[in-house]
Amino acid sequence: MNTQNSNFIKGIIDRDLADGTYKSIVTRFPPEPNGYLHIGHAKSVVLNFGLAEEYNGRCHLRFDDTNPETENEEYIRSIKETVAWLGFDWGEHLYFASAYFEQFYKYAQKLIKDGKAYVDSQNETEIRENRGTVNEPGKPSLYRNRTVEENLALFHEMREGKYRNGEHVLRARIDMASPHMILRDPLLYRIKHAYHYLQGDDWCIYPMYDFAHPLEDAIEDVTHSLCTLEFDTNRVLYDWVLENCLKPEELPTRPHQYEFARLNLTYTIMGKRKLLRLVNENLVTGWDDPRLPTIAGLRKRGVPAAAIREFCRSIGVTRTESTVEMSHFEHVLRDHLNFIAPRINAVTEPLKVVITNFPEGKTDWVEGSYWPRDVDKEGSRKIPFTRELYIERDDFRENPPDGFYRLAPGREVRLRYGYFVTCEKVVKNDAGEIDYLECTYDPETRGGDAPNGRNPGGTLHWVSAMHGVPAEFREYNRLFKSADPESGDEDFTEHLNPGSLTVVRGYVEPDVREHPTDERFQFERIGYFWQDPDESTPDHLIFNQIVPLRDTWTEKEGTESQAEIEQKRRERELEKQRQRERSSAGDRYPWEDLSGSQRVTFQRYVDEYSLDRENAAIIARDDDLSGFFEEALTAYENASAVAKWMVNKLLAVHKETPVNQMKVSPEQFGAYVEMISTDVISTRAADDVFDEMLETGDDPSDIVEREGLQQVSDEGALEPVIEKILADNPDKVERYRDGQKGLLGFFMGQVMRETGGTANPELTKEILSQMLNN
RNA sequence: UCGGGGGUCGUCUAAUGGCAAGACCUCGGCCUUUGGCGCCGAUAAUUGGGGUUCGAAUCCCUGCCCCCGAGCCA
C-alpha cells in the first residue's frame with residue numbers, strides 16, 4: 001500500500017511551485033469547534049498536514065470560531081488532542097479566526113468605503129424572500145443605496161451594540177440577479193449578542209464564513225486552501241472577497257481554494273447531526289463508542305493512528321463523490337496490525353476439555369512464538385499446558401459438516417504449540433448440552449509436531465483452565481445493517497444493526513499480564529484486540545475487538561449465487577438499453593437554438609462555404625468565433641478545413657481563453673490549417689505547433705522551420721527508424737503477432753516520439769503493419 | 001428549471017492523444033502449527049449517441065444520470 005500516491009492537488013502544487021507563484025506552500029486544517037472529529041475529518045487532516053510535510057511547507061491548525069452560539073472550548077480541547085493523536089504537529093501555528101476580528105472589521109470598512117458593502121435593515125424573512133430563487137432573480141433591498149457615510153456610521157453602531165440581533169446586517173453589494181445565488185449580495189456580518197469563549201463580550205457582530213474564511217487564509221499566508229466539494233459554489237465569493245479586500249500587490253500570492261470529495265464509508269454515517277442523535281438518544285454509549293467512525297471511537301476501539309493515516313492515504317483525493325467500502329478500511333487495519341500485534345491465545349466462548357491421560361496438577365510450559373513466519377520479528381512466550389483446557393465452542397462439532405476440519409468425536413487435532421489431542425468422549429449435562437470433552441493427548445507431539453510426520457487437518461487455539469485469565473471480550477460489528485443507512489425514506493436509525501456489539505466472557509493465556517496494557521494483540525484465529533483504555537482493570541480485563549481476522553470459512557451472508565450474478569448482468573444490459581432510449585429521445589443539434597442573426601450567419605456558412613451543419617452552427621453561435629473564422633479565411637480559403645480545425649482544436653482553448661485574447665491571430669490560424677491540409681506537417685506535429693503558437697504567438701511557418709517539424713513522407717527515411725523500434729521491442733513484436741493488435745498504437749507512439757512527430761502517420765502505419773505481419 | 005460540479009471493473013483509484021493498470025471485495029487454486037499472512041489465477045469498467053484523428057477514457061458536439069446551491073450555519 002506504499003504506492004507513490006499522487007493526486008490533482010499535488011499536480012496543482014507542483015505547477016504553482018514550478019512557475020514560481022509560491023516559494024513554499026502553506027495549508028491549514030480549519031475545523032469549527034462545534035463537534036468531535038471523525039474519520040472524514042482525518043482525511044482532511046492527513047491531506048493538509050501530509051502535503052505540508054511532503055513539500056516542506058507548513059500546516060496551520062486554525063479554529064474557525066465565528067459563531068459563538070454553537071461553539072465551545074471543550075471542542076477546541078478535544079480537536080487539538082485528536083489532531084495531535086493522529087500524529088501531526090502544528091508547532092507554533094495554532095490560530096483562531098476570532099483573533100482576526102479587528103482585521104475583518106477593517107476589511108469590511110474598506111468594502112463599505114469602496115461602495116462594495118452596505119448595511120441592510122430588512123428583516124430575515126424579507127432578505128430571504130428578496131433573494132429570489134434559482135429561477136428568478138432577487139430584488140434589491142431598499143437600503144442598498146445608502147451612502148458610504150451612512151453605512152459606515154450604521155456599521156459602527158452595530159459594533160457598538162446599539163442594535164438588537166437581526167436589526168441590521170452588513171452585505172456585499174454584488175449582484176441580486178446573479179445566477180450564482182451566493183453572489184446575490186451575500187451577508188458579511190450579523191449581529192449576535194453572544195458571549196464568545198475567547199473574545200468574551202468584545203464583539204456583538206460576527207463575520208460570516210464566506211467573508212472570514214478567505215481573509216483568514218490570506219492573513220496567514222495560506223497558499224492552498226483545501227475544502228470539501230460542497231464549497232465549490234462558494235469559491236466565486238472566496239475569490240471576490242480577496243480580490244476586493246486585498247491590495248493589488250498582495251493578489252499574486254493570495255490563497256486559492258480547491259475542493260475535494262469528502263469521505264463516505266459504507267455501513268456508517270458521518271453527518272454531525274446524525275452522529276449527535278445516536279449519542280443523545282443513547283443508541284450508542286457516547287462520542288467515543290467504538291462502533292462510531294469518530295476518532296475518539298476508533299481510538300477507544302484500538303485502531304492505531306498510523307492505520308488511520310495509512311487508510312486516508314490509500315483512498316486517494318479526487319473530485320468525484322465516492323463511498324469507500326468498510327472492507328477496505330478493515331483491510332488496511334489488518335495489514336497494519338499484522339506487523340505490530342504479537343500473537344497470543346484467548347478463548348472467547350469456552351468449551352472445557354479434559355485430557356484424560358495428562359497428569360492432574362502438572363503444568364507443561366510449552367513455547368509459542370509471538371510472530372508467524374511472515375512477520376520478521378523475534379520473541380516468544382511460555383504457554384502452560386494442563387490437564388484441563390478451554391477451546392473455542394465453535395471449534396467442536398458433534399456432527400461435523402463437510403469441510404469442517406476442527407475437532408469432532410474420534411478426531412485428532414493440533415493444539416497450537418501444544419500437543420495433538422483426540423476427542424474420545426462428549427460429556428453432556430441433564431439438558432443434553434455439551435458440558436465438556438474428554439480427550440487424550442499424544443506425548444510424542446509436544447510443540448505441535450509428530451515425529452512420524454502425521455499432520456492433522458486442524459490447529460486450534462486453547463487456554464489452560466488452571467492458568468487462564470478470565471476476561472470480557474467486546475466484539476464489534478458494523479453499526480448499520482445497510483451499506484447506505486442514509487438512503488431510503490425511513491429514519492436511518494431503523495438500519496441500526498442490533499448485533500453491532502456482542503459481549504462474551506472467556507480466558508486469555510497468562511502471558512497477557514507481561515505486556516503493557518495498551519498492547520494490541522492478535523488473538524490467534526479470532527482477531528485483533530486491545531484492552532479498553534477506560535474500563536479494563538487488572539481484576540477485570542476487558543478487551544475490545546479492533547477488527548476480526550478475515551474469515552474464509554464461515555458462510556457469508558452477502559455472497560451471491562451464479563444465478564443472481566447472471567440476473568444482475570441482464571439488468572445492467574436492460575438499464576443500458578433504457579439509457580440509450582432516454583438519451584436519444586432528448587437529442588438536440590447545435591443549430592436548433594440559434595438566435596435570429598446567428599441563424600443568418602449559420603445559413604450563410606452552409607450555403608456559401610458548404611460547411612458541415614454542425615461546425616457551421618458551433619461557429620455561428622459565438623460572435624467571437626465567427627469573427628475569427630471569417631478573418632482566418634483571408635489567410636486560407638478552405639473554409640471547411642478552417643472550420644473543422646477551429647471546432648476541434650481551438651474550441652477547447654477558447655473555453656478558457658477567448659479567441660480574441662489568444663496570442664494566435666486568425667491569419668496565423670488560417671496559415672496553420674493550410675499547413676495541415678497541404679501535408680506540410682503531420683496531424684501529430686500539428687499539436688505541438690499549435691501549443692507553441694499559443695504560447696509564443698509566432699507564425700506557424702517560423703515554428704515549423706525552427707523546430708524542423710516538416711512532415712516526413714519518405715519511406716527510405718522512415719523504414720530504418722521503424723526497424724530500430726521493432727528491434728528494440730522484440731517482446732512487444734511477438735505479442736503483436738500473437739494477436740495483441742492494440743500494440744500498434746504503442747509502436748506508432750514510439751515512431752512519433754523518435755521522429756518528433758514528423759513521421760507521416762498513414763505511411764508509418766502502412767510500413768509498420770507490413771513489417772509486423774511478416 | 002437556472003448556476004456550479006461530477007460520471008473508468010461491485011467499490012476506491014491510475015492511465016495528461018499511443019498496451020484501459022493497481023488495490024479492496026468475490027470466486028478458484030497453492031502454501032500453512034492461525035480456515036490469518038503470502039503467492040498464483042479468474043470474474044469485472046471507460047454514461048448513451050455522433051464527430052475530429054493514423055490512433056480517443058482523454059479533444060469537439062449533443063443527450064442521459066448523480067451531487068451541490070435560494071441559513072443572519074460552516
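Only this structure's heavy atoms are used, side chains among them; waters, hydrogens and symmetry mates stay out. Fair warning: this is a prediction, and the values are worked out from it, not measured in the lab.
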(Q) Quick check for you: among C68(B), C12(B), A14(B), whose closest atom lies nearest to any side-chain atom of Thr318(A)? (A) A14(B)

Q) So which nucleotide from U52(B), G35(B), G18(B) ends up closest to the side chain of Lys644(A)? A) U52(B)

Q: Let me know, please, whether Arg525(A) or Gln750(A) comes out on the 5' side of the other along RNA chain B by nearest nucleotide.
A: Gln750(A)

Q) Residues from residues 175-182 of chain A sitting under 4.0 Å of RNA chain B, heavy atoms only? A) Pro179(A), His180(A), Met181(A)

Q. The side chain of Val134(A) lies closest to which of these nucleotides: C72(B), U1(B), C61(B)?
A. U1(B)

Q: Identify whether a stacking contact exists between Trp553(A) and G35(B), where the ring centres must be under 5.5 Å apart and the planes under 30° apart.
A: yes

Q) Who passes side-chain hydrogen bond (donor to acceptor under 3.5 Å, both in side chains) against Asp239(A), sequence neighbours left out? A) Arg254(A)

Q) Quantified in whole Å, what is the P atom distance between nucleotide C54(B) and nucleotide U43(B)? A) 35 Å

Q.
Closest approach to the side chain of Arg343(A), judged atom by atom: which nucleotide of C61(B), C25(B), U34(B) is it?
A. U34(B)

Q | Closest to the Asn338(A) side chain, choosing from G71(B), C19(B), G36(B) | A | G36(B)

(Q) Taking atom types as they are modelled, would you say the side chain of Gln522(A) forms a donor-acceptor pair with the base of U34(B) within the 3.5 Å cutoff? (A) yes

(Q) Starting the side chain at C-beta, find the nucleotide from C54(B), U34(B), G71(B) nearest to Leu549(A). (A) U34(B)

Q) If you check every side-chain atom of Ser583(A), which of C72(B), C60(B), C64(B) has the closest atom? A) C64(B)

Q. With rounding to whole Å, what would you report as the distance between A70(B) and A57(B) at their C1' atoms?
A. 36 Å

(Q) Would you measure the distance from the C1' atom in C30(B) across to the matching atom in C37(B) and give it in whole Å? (A) 14 Å

Q | Pair assignment for RNA chain B - dot-bracket with | for other-strand partners, Watson-Crick or G-U under 3.5 Å | A | .((((((..((((....[..)))).(((((.......)))))....(((((..]....))))))))))).....

Q: Could you work out which one of C25(B), C2(B), G38(B) sits closest to the side chain of Ser327(A)?
A: C25(B)

Q.
Taking only the P atom of each, what is the distance from A23(B) to C66(B) in whole angstrom?
A. 33 Å

Q.
Syn or anti for G71(B)? Use the chi torsion, O4'-C1'-N9-C4 for purines and O4'-C1'-N1-C2 for pyrimidines, with syn inside 90° of 0.
A. syn

Q. To the side chain of Pro372(A), which of C24(B), G36(B), G5(B) is closest?
A. G36(B)

